[in-house]
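Down below is the structure, laid out as structure tokens.
Residue numbers start from 1 in every chain, and the chains themselves are labelled A, B, ... in the order their sequence lines are given, proteins ahead of strands.
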Amino acid sequence: MRKPQNAQQRSQGPQLEQRNAPPAYDPAAVEVKWRRVWAERRINVTDLRGAASPYYNLMMFPYPSAEGLHVGNVFAFVGADIHGRFQRLRGRDVFEPIGFDAFGIHSENYALKVNQHPGRLIPANIANFREQLRRIGLMVDWDHELATTDPAYYKWTQWIFLQLYKAGLAVRKRAPVNWCPECKTVLANEQVIDGFCERHPAVRVTQRLLEQWFFTITRYAERLLDNLKTLDWSESTRLLQTNWIGRSEGAELAFATPVSDPIRVYTTRPDTVFGATYLVLAPEHPLVEALTAGDRQADVRAYRSRVAQMDVVSRKVGERQKTGVFTGSYARNPATGESVPIWVADYVLMEYGTGAIMGVPGHDERDYAFAKHFGLEIRWVVRPAGAAARAPDPDVVDMPCTDWDGVLINSGQFDGLSCREAVPAITAWLAEQGFATPQVQYRLHDWCISRQRYWGPPIPVIYCDVCDVVPVPEKDLPVLLPPLEDFRPDESGVSPLARAEEWYRVPCPGCGNPARRETDVSDTFLDSAWYFLRYPSTEFPDRPFDRGLTEKWLPVDSYIGGNEHAVLHLMYSRFITMVLHDLGHLPFDEPYKRFRAHGTIVKDGAKMSKSRGNVVIPDAYIAKWGADTFRMYLMFLGPYQEGGDFRDDGILGQRRFLDKLWSTVLATGADDGGSERAVETKLHQTIRRVTASLEELRYNTAIAALMEYLNLLRETSGLGVSRPGASVARTLVEPMIVMLAPFAPHFAEECWERLGHAQSVFRAPWPAWDEARAREDEVEVAVQVNGKLRGRLTIPRGLSQQQVVDRALADAAVRRFVDGKAIRKVVYVQDKLVNLVV
RNA sequence: GCCCGAGUGGUGGAAUGGCAGACACGCGGGACUCAAAAUCCCGUGCCGGCAACGGCGUGUGGGUUCGACUCCCUCCUCGGGCACCA
């Protein structure tokens with residue numbers, strides 16, 4: 001960080017300077033004053049019912065950590081706030097709410113670490129965050145603040161669970177789950193990174209079998225995918241979701257077996273079925289036992305139990321040596337009619353497709369490795385494009401051919417077809433005989449919402465020996481989280497809530513017999529899957545979201561946030577919205593009309609992280625430079641949707657700009673109307689540029705355009721050289737203040753007031769530009785000879801090609817390169833460039 | 001391995017296929033000052049030249065075009081996502 005002299009000197013300026021010197025810009029005073037005025041005049045409070053032109057401006061609510069806001073949060077919020085303020089200046093009634101995502105593992109782990117109860121820690125963190133958020137000057141309507149830990153909120157989180165339960169979309173499954181020995185809880189697949197816990201990068205995740213609640217999001221896979229095409233979202237985010245859903249097309253093929261059930265396999269390459277020389281079942285496959293021959297029992301059992309002990313994740317990680325075991329049975333290849341051996345191997349996963357595959361070692365990397373290792377037959381049924389007419393010899397070519405651009409061989413009547421042609425042909429042929437069905441598969445998994453933890457909303461279910469699973473009646477919501485002093489998870493794998501005896505034991509709502517509460521709490525992502533629905537309706541204790549307000553304000557007009565939530569939060573909230581829509585609770589099925597992913601702020605080219613020790617804490621910068629300067633600096637770092645590199649130097653540039661603008665405002669005279677044409681032209685160009693830049697979230701270029709304009713304005717008015725008594729016309733200054741207001745709101749308000757306005761600058765209209773006035777009379781035309789720049793002409797706008805060429809040829813520098821040569825061609829771009837080809 | 005995104009001065013970055021480097025930081029020089037800070041002015045891609053000016057220049061190599069940072073192909077590096085998903 002820079003030495004503090006600058007700021008101190010600046011802020012002490014007013015006292016030190018001579019009596020008649022103008023007051024210096026004092027950000028601390030200006031910002032305190034305007035935050036007070038905004039609060040007093042309730043300027044950021046939206047009239048939700050009366051708004052004529054509603055605009056819902058959403059930003060991702062923070063998790064209130066003990067460390068406080070970091071610079072990444074500030075970057076995210078300021079960028080969204082600028083968008084909201086811009087919309088407001090354009091006449092929209094902007095609703096900009098904020099809240100706190102305060103449940104979850106983050107909070108609980110931190111509470112464990114400092115040995116304090118999260119119930120006491122979180123309110124303090126929230127108070128701290130609230131203050132920090134106020135200090136960065138957000139246009140937030142604090143009347144609608146919410147916290148997911150508030151029973152008035154999580155009552156409805158539980159209500160949503162019940163709606164899904166009633167609709168059959170919340171199901172209980174015994175399933176192998178990821179278990180983090182450090183968190184002592186189940187992790188979603190998304191929370192497992194390369195086999196390690198997201199929260200504990202050094203801790204390997206293992207496997208446990210637990211009864212869990214799942215939301216069957218997979219039933220919505222197709223819709224989640226299809227709707228994506230219609231959304232105005234960042235391309236990168238849509239792509240991440242598309243890949244996450246992972247749609248693939250293929251066919252399910254049936255291989256007859258000695259037992260009554262055939263083995264069904266899913267394949268994307270039915271064209272290679274003639275090359276299927278073996279089958280593989282996942283170790284958990286239900287047919288394994290029946291298909292294992294007597295003398296293979298011991299081997300198969302040993303193999304399966306070895307796999308069962310392995311954790312879910314490491315089984316899938318890396319290019320391990322393939323393992324497997326032969327069952328001793330054979331199945332019939334429906335295409336060739338031949339018998340093929342049935343194997344069991346852990347490279348086949350039960351959770352995807354049918355849990356069984358056909359092994360086509362000639363044309364699949366994994367099958368090839370497996371067949372090589374176990375000496376299984378490798379048969380080529382595709383000749384790669386460009387290869388010789390004969391099939392390549394597996395003994396010579398030591399790799400499979402996974403090419404789609406090949407031609408079938410060794411495939412009976414299908415020989416000669418291209419792979420692409422063969423897929424539908426073979427599928428149809430097998431389908432006729434009852435051996436095939438076209439099939440679409442998705443990679444997406446169901447959403448496990450159970451957490452064996454304390455700090456979350458209890459899942460509202462009661463277990464009764466008579467009635468089995470009984471949902472808590474809606475009238476009994478919320479199921480309050482019991483105030484448990486010792487909230488530590490233990491090795492049992494059971495939630496700490498099981499130890500709250502009084503809470504745990506309840507009469508069954510159905511039959512009144514003694515029953516037990518579900519002791520798991522729900523995933524934090526469920527809390528955040530619907531928070532945007534709650535904001536407009538925070539005042540209603542009796543409904544999750546008011547129908548009228550919801551219709552008026554939703555879906556969200558603009559959502560700006562980080563791409564780290566591209567597949568989890570954004571997918572889950574889309575899913576919940578779809579379900580609530582289908583159940584008749586919402587009139588729309590997509591929550592966010594427009595989503596923009598902002599970039600990441602890095603430090604010295606590296607991601608900020610505690611372990612690197614390069615985390616930038618914004619507080620000191622704001623204290624020293626003021627929030628407005630800091631906001632502008634962050635936005636100037638680079639394109640908002642790409643992020644930027646935070647450096648301590650550089651912030652001074654933004655402060656200099658505001659200082660210069662400040663002195664310009666103080667030197668603004670009465671409207672003399674005598675503005676120079678060049679400045680006026682530049683003003684209209686600037687309005688056009690800033691408007692376009694703001695629409696595209698290109699905040700860095702918007703600021704640059706304002707700087708350019710101010711530089712010209714000061715130069716032409718004599719302010720730059722501190723000419724005594726120099727003044728500048730009001731009409732040339734005021735639009736700039738309005739355009740700056742989204743970036744530096746406190747500063748703009750103060751300037752606006754000093755310019756004589758009684759109303760907030762945010763009541764002013766966004767300046768309009770006039771195309772005619774933005775156009776220059778004279779243009780500079782580049783003169784190229786053979787594409788190389790050889791001269792420039794300043795000429796009146798609108799000359800004909802011939803006139804321009806004549807003038808270009810009058811230029812000595814140009815003639816040097818043209819003289820003595822014939823001009824073969826002339827390319828003229830009106831008022832911009834002329835290229836003489838000689 | 002597969003799918004995205006990005007490589008431009010000392011630095012952050014700017015440029016609907018049409019003057020590469022806007023804007024800003026930093027740096028050099030000057031003014032003001034007893035001096036410093038702040039402020040203001042001038043300069044600042046690289047090479048050659050006193051200069052006029054010339055040559056080179058947007059990760060690499062090729063291509064399309066009158067003209068390419070921009071479009072196409074190859075490769076390299078960095079960042080992100082997915083990954084035994086059949």
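- Contact annotation: A:Arg689 does not reach the phosphate of B:A14 (side-chain N/O to OP1 or OP2, under 4.0 Å).
- When Watson-Crick and G-U wobble pairs are counted only if both distances are under 3.5 Å, B:G26 pairs with B:U44.
- Pair assignment for B:C82: B:G1, on the basis of Watson-Crick or G-U wobble contacts that are both within less than 3.5 Å.
- Using modelled atom types, one finds a donor on one side chain and an acceptor on the other under 3.5 Å when comparing A:Gln685 with A:Glu776.
- Annotation for A:Glu771: atom CD counts as buried by contact number, over 12 foreign heavy atoms lying within 6.0 Å.
- A distance of about 30 Å separates the C1' atoms of B:G48 and B:C41, rounded to the whole Å.
- Taking the six-membered ring where the residue is Trp, A:Trp343 and A:Phe374 present tilted rings, their angle falling between 30° and 60°.
- Within 4.0 Å (heavy atoms only), A:Arg238 reaches no atom of the nucleic acid at all.
- Counting non-hydrogen atoms under 4.0 angstrom, A:Arg790 reaches the backbone sugars and phosphates but no base.
- By the rule that a glycosidic angle within 90° of 0 means syn, B:G9 counts as syn.
- Backbone-only engagement by A:Val837 is indicated by non-hydrogen atom pairs under 4.0 Å involving sugar-phosphate atoms exclusively.
- Among the heavy atoms of the strands lying under 4.0 Å from A:Asn835 is at least one base atom, whether or not backbone atoms are also near.
- Counting non-hydrogen atoms under 4.0 angstrom, A:Thr600 reaches nothing in the nucleic acid.
- For the OP1/OP2 pair of B:G12 and a distance below 4.0 Å, the side-chain nitrogens and oxygens of A:Asn700 include no atom meeting the criterion.
- Taking a pair to require two hydrogen-bonding distances under 3.5 Å in either a Watson-Crick or a G-U wobble arrangement, B:A51 remains unpaired.
- Backbone-only engagement by A:Arg816 is indicated by non-hydrogen atom pairs under 4.0 Å involving sugar-phosphate atoms exclusively.
- Shown here, B:G7 forms a base pair with B:C76; the pair counts as Watson-Crick or G-U wobble because both key distances fall under 3.5 Å.
- Atom pair A:Leu634:CG and B:G12:C1' shows a separation of 13 Å (rounding to whole Å applied).
- Rounded to a whole angstrom, the distance from the P atom of B:A6 to that of B:G17 is 14 Å.
- Taking a pair to require two hydrogen-bonding distances under 3.5 Å in either a Watson-Crick or a G-U wobble arrangement, B:U33 remains unpaired.
- Within 4.0 Å (heavy atoms only), A:Gln784 reaches at least one base atom of the nucleic acid.
- The shortest heavy-atom contact between A:Thr664 and A:Arg714 is OG1-NH1, 2.8 Å.
- Considering only the side chain of A:Arg656, B:U39 comes nearest among B:A22, B:C82, B:U39.
- The same atom, P, is picked in B:U11 and in B:A22; the two are 15 Å apart, to the nearest Å.
- Per the geometry, CD belonging to A:Glu696 stands 12 Å off P belonging to B:A14, to the nearest Å.
- Here A:Glu780 lies in heavy-atom contact (under 4.0 Å) with a base.
- Mapping A:Lys788 and A:Thr701 onto RNA chain B by nearest heavy atom places A:Thr701 closer to the 5' end of the strand.
- Regarding contacts with the backbone of B:A86, every side-chain N or O of A:Tyr266 stays at 4.0 angstrom or more from both OP1 and OP2.
- Contact annotation: A:Arg443 does not reach the phosphate of B:C82 (side-chain N/O to OP1 or OP2, under 4.0 Å).
- For the atom pair A:Thr323 OG1 and A:Asp346 CG, the distance stands at 4.0 Å (nearest 0.5 Å).
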Candidate pair A:Tyr621 and A:Val616, rule side chain to side chain contact (heavy atoms under 4.5 Å, CB included), full reasoning: CA-CA 9 Å; A:Tyr621 293 89; A:Val616 176; 3.6 Å; yes

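- Rounded to an integer number of Å, the gap from CD of A:Glu642 to C1' of B:C4 is 13 Å.
- Nucleotides B:G21 and B:C56, compared at atom C1', are 15 Å apart to the nearest Å.
- One can place CD of A:Glu776 at 15 Å from P of B:C19, the figure rounded to the nearest angstrom.
- Position along RNA chain B of the nearest nucleotide to A:Ile357 versus A:Lys825 favours A:Lys825 as the more 5'-ward residue.
- Residue A:Phe646 is out of contact with every strand shown, counting any heavy-atom pair closer than 4.0 Å.
- With hydrogens and angles left out, the side-chain atoms of A:Asn835 and A:Tyr828 include no donor and acceptor closer than 3.5 Å.
- Nucleic acid contact class of A:Thr267 (heavy atoms, under 4.0 Å, all strands): sugar-phosphate only.
- Residue contacts for A:Lys322: at a heavy-atom cut-off of 4.0 Å it reaches a base atom on one of the strands shown.
- Between the C1' atom of B:C84 and the CG atom of A:Leu281 lies a distance of 16 Å, rounded to the nearest Å.
- Residue contacts for A:Asn711: at a heavy-atom cut-off of 4.0 Å it reaches the sugar-phosphate backbone alone, with no base atom in range.
- The listed nucleotides are B:G12, B:A14, B:C40; the one nearest the side chain of A:Lys660 is B:C40.
- Across all their heavy atoms, A:Thr268 and A:Trp404 have their closest contact at O-CH2, 3.7 Å.
- Note on A:Arg689 versus A:Glu708: salt bridge recorded, some NZ/NE/NH1/NH2 to OD/OE distance being below 4.0 Å.
- With a 3.5 Å ceiling on both atom-pair distances, B:G67 lacks any Watson-Crick or G-U wobble partner.
- Distance A:Gln685 CD to B:A22 C1': 13 Å, rounded to the nearest Å.
- One can place CG of A:Asp367 at 12 Å from P of B:A86, the figure rounded to the nearest angstrom.
- Here B:A14 is the nucleotide among B:A14, B:A24, B:A86 with the atom lying nearest to any side-chain atom of A:Arg698.
- Rounded to the nearest Å, the gap between the C1' atom of B:C76 and that of B:A24 is 31 Å.
- A straight line from CG of A:Leu706 to P of B:A24 spans 12 Å, rounded to a whole angstrom.
- The same atom, P, is picked in B:U64 and in B:C50; the two are 41 Å apart, to the nearest Å.
- When the C1' atom is used for both B:U74 and B:A83, the distance is 26 Å, rounded to whole Å.
- Taking the P atoms as reference points, B:C84 lies 42 Å from B:C69, given to the whole Å.
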